[in-house]
Amino acid sequence: KAKVSGKSQHQVFATKMHEQALKRLQLEADLNQAIANEEFELYYQPIISFTTGKITGFEALVRWISPTRGFISPGDFIPVAEETGLIVPMGKWILETACRQMQSWRSQFPEAEQVTMSVNLSSRQFSQADLVAQIQETLIVTELDPANLKLEITESMVMDDVENTIILLNELKELNIKISLDDFGTGFSSFSYLHRFPTDTLKIDRSFVSNMSQGSKNIEIVNTIVILAHKLGMDVIAEGIETVEEKEILAGFNCEYAQGYFFAKPLKQDDATELFVNKAQW
Ligand code: C2E
Ligand code: MG
Ligand code: MG
Ligand code: MG
């Protein structure tokens with residue numbers, strides 16, 4: 001058997017595992033500190049109405065700016081926060097910060113009355129027994145009208161426990177909170193359940209939008225998703241629109257809303273506020 005530079009394969013492997021475990025522990029420790037040290041910041045990406053060209057909502061997207069690690073994208077730390085349970089206090093902070101921001105815009109700008117703030121929920125948050133109570137409390141504390149709040153959940157979250165999800169979503173609907181089904185098409189939706197969820201909006205995942213340039217079949221798929229959503233009484237947000245071509249195809253399909261770098265990237269609070277000041281229109 002060949003030995004690599006004197007070390008056995010097993011030793012090399014064990015060292016690597018050890019390094020990875022240490023790295024992971026350090027990440028968890030830093031993440032734990034990050035909440036207390038207020039290293040999180042919310043960015044806000046506008047969602048635009050195809051019919052008016054105006055802002056219809058914002059999606060709150062969390063950022064971790066660590067003094068030692070720099071900028072860490074949510075794709076890298078949300079899963080860790082989810083596994084360790086840190087997502088629960090973090091999610092609470094995100095929800096409250098987003099609601100507070102939305103209420104601040106409402107009090108400054110009359111046109112913000114019709115605007116919604118979308119907040120992503122993680123699956124761990126979604127299965128918290130006191131989720132509805134926590135959201136209600138946040139709305140009271142921040143004085144935000146529930147009609148200005150929209151929660152984003154994913155297919156895998158709703159499919160996990162269908163009957164409970166339906167009860168939970170109906171409770172949220174009764175409070176007048178809106179629901180979006182995020183990243184649609186990437187999970188394992190069962191079409192036979194889709195109509196049972198009281199969701200207001202379906203968000204077509206960015207991968208479908210960017211694949212449209214690859215050929216007419218991909219365009220047909222997007223068209224079909226829009227038709228399906230409309231037949232089920234949902235409106236549609238196309239995620240990740242980056243080009244004028246993508247924008248025009250989606251507009252032609254009577255898709256209601258657009259989100260993507262073509263319009264705006266996720267913005268710092270001040271830059272998002274500027275959009276109201278300037279009465280931004282696309
Ligand atoms: P998501 O909820 O599907 O958010 C959309 C992601 O697509 C965001 O990435 C956004 O910056 C990005 N995006 C928007 N338009 C474009 C575009 O035109 N082109 C490209 N290439 N990307 C675009 P981000 O902020 O890195 O977030 C990634 C994911 O992390 C989110 O996907 C969401 O699942 C999760 N996440 C972000 N913030 C939160 C949060 O506050 N709570 C929870 N639970 N999850 C969050
Ligand atoms: Mg989202
Ligand atoms: Mg999404
Ligand atoms: Mg997505």
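The residues of the chain are indexed from 1 along the displayed sequence. The structure displayed is predicted, hence computed values, not measured ones. Read the numbers this way: they start at 1 and go in the same order the structure lists the ligands and their atoms.
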Inset, instruction - Select the closest option to atom 24 (P) of ligand 1 among Ala60, Ala98, Pro74, judged by heavy-atom distance. - result: Pro74

Inset, instruction - Could you list which atoms of ligand 1 come closer than 4.0 Å to a heavy atom of Pro266? - result: 11 (O)

Legend entry - Whether Phe263 and Trp282 hold their rings parallel, tilted or perpendicular, with breakpoints at 30° and 60°: perpendicular

Inset, instruction - Among the N/O/S atoms of Glu152, select the one at the shortest distance from the Mg ion (ligand 2) and name it. - result: OE1

Legend entry - Selected option - heavy-atom contact closest to atom 41 (O) of ligand 1, from Asp182, Asn120, Ile94: Ile94

Inset, instruction - Flag yes if more than 12 heavy atoms outside Glu143 fall under 6.0 Å of its CD atom; otherwise flag no. - result: no

Legend entry - N/O/S atom name from Glu239 that is nearest to the position of the Mg ion (ligand 3): OE2

Legend entry - Distance in Å, Glu155 CD paired with Tyr193 OH, rounded so as to fall on 0.5 Å steps: 14.5 Å

Legend entry - the Mg ion (ligand 2) to nearest N/O/S of Asn120 below 2.8 Å: yes

Legend entry - Under-4.0 Å heavy-atom contact with ligand 1, by part of Asp183 that carries it: side chain

Legend entry - ligand 1 atoms in contact with Glu242 (distance to a heavy atom under 4.0 Å): 17 (C), 18 (O), 19 (N), 20 (C), 21 (N)

Inset, instruction - Take atom NZ of Lys92 as the centre, draw a 6.0 Å sphere, and report whether it contains more than 12 heavy atoms from other residues, nucleotides or ligands. - result: no

Legend entry - Asp30 and its salt bridge (Lys or Arg N to Asp or Glu O under 4.0 Å) partner, picked from Arg69, Arg24, Lys23: Arg69

Inset, instruction - May I ask you to check whether Asp183 brings an N, O or S atom to under 2.8 Å from the Mg ion (ligand 3)? - result: yes

Inset, instruction - Can you sort out which atoms of ligand 1 are near Gly260, meaning under 4.0 Å from one of its heavy atoms? - result: 15 (N), 18 (O)

Legend entry - Gly240 neighbourhood, listing ligand 1 atoms whose heavy-atom distance to it stays under 4.0 Å: 15 (N), 16 (C), 17 (C), 18 (O)

Legend entry - Tyr261 N/O to ligand 1 N/O under 3.5 Å: yes

Legend entry - Polar contact flag, side-chain donor to acceptor under 3.5 angstrom, Gln108-Ser104: yes

Inset, instruction - Check the side chains of Lys178 and Thr201 for a donor-acceptor pair under 3.5 angstrom, ignoring hydrogens and angles. - result: no

Inset, instruction - Would you please classify the geometry between the Trp64 ring and the Phe40 ring as parallel, tilted or perpendicular, with 30° and 60° separating the classes? - result: tilted

Legend entry - Residue-ligand contact Ser73/ligand 1, heavy atom below 4.0 Å: no

Inset, instruction - Mark up the atoms of ligand 1 that fall under 4.0 Å of a heavy atom belonging to Gln45, in ascending order. - result: 14 (C), 15 (N)

Inset, instruction - Would you sort out whether Lys150 and Val119 count as a side-chain contact (heavy atoms from CB on, under 4.5 Å), showing the intermediate values? - result: CA-CA 6 Å; Lys150 204 162 182 171; Val119 177; over 6 Å; no

Inset, instruction - Show which atoms of ligand 1 fall inside a sub-4.0 Å distance from at least one heavy-atom site of Ile78. - result: 43 (C), 45 (N), 46 (C)

Legend entry - Residue-ligand contact Lys203/ligand 1, heavy atom below 4.0 Å: no

Inset, instruction - Could you verify whether a donor N or O on one side chain and an acceptor N or O on the other, from Gln114 and Thr56, lie under 3.5 Å apart? - result: no

Legend entry - Point-to-point distance, once rounded to the nearest 0.5 Å, from CD of Glu246 to CD1 of Ile219: 10.0 Å

Legend entry - Glu59, N/O/S atom nearest the Mg ion (ligand 2): OE2

Legend entry - ligand 1 contacted by Arg63 (non-hydrogen, < 4.0 Å): yes

Legend entry - Gln134 and Gln128: side chain donor to acceptor below 3.5 Å: no

Legend entry - Atom indices of ligand 1, in the order listed, that fall short of 4.0 Å to a heavy atom of Glu239: 3 (O)

Legend entry - the Mg ion (ligand 3) - closest N/O/S atom in Asp182: OD1

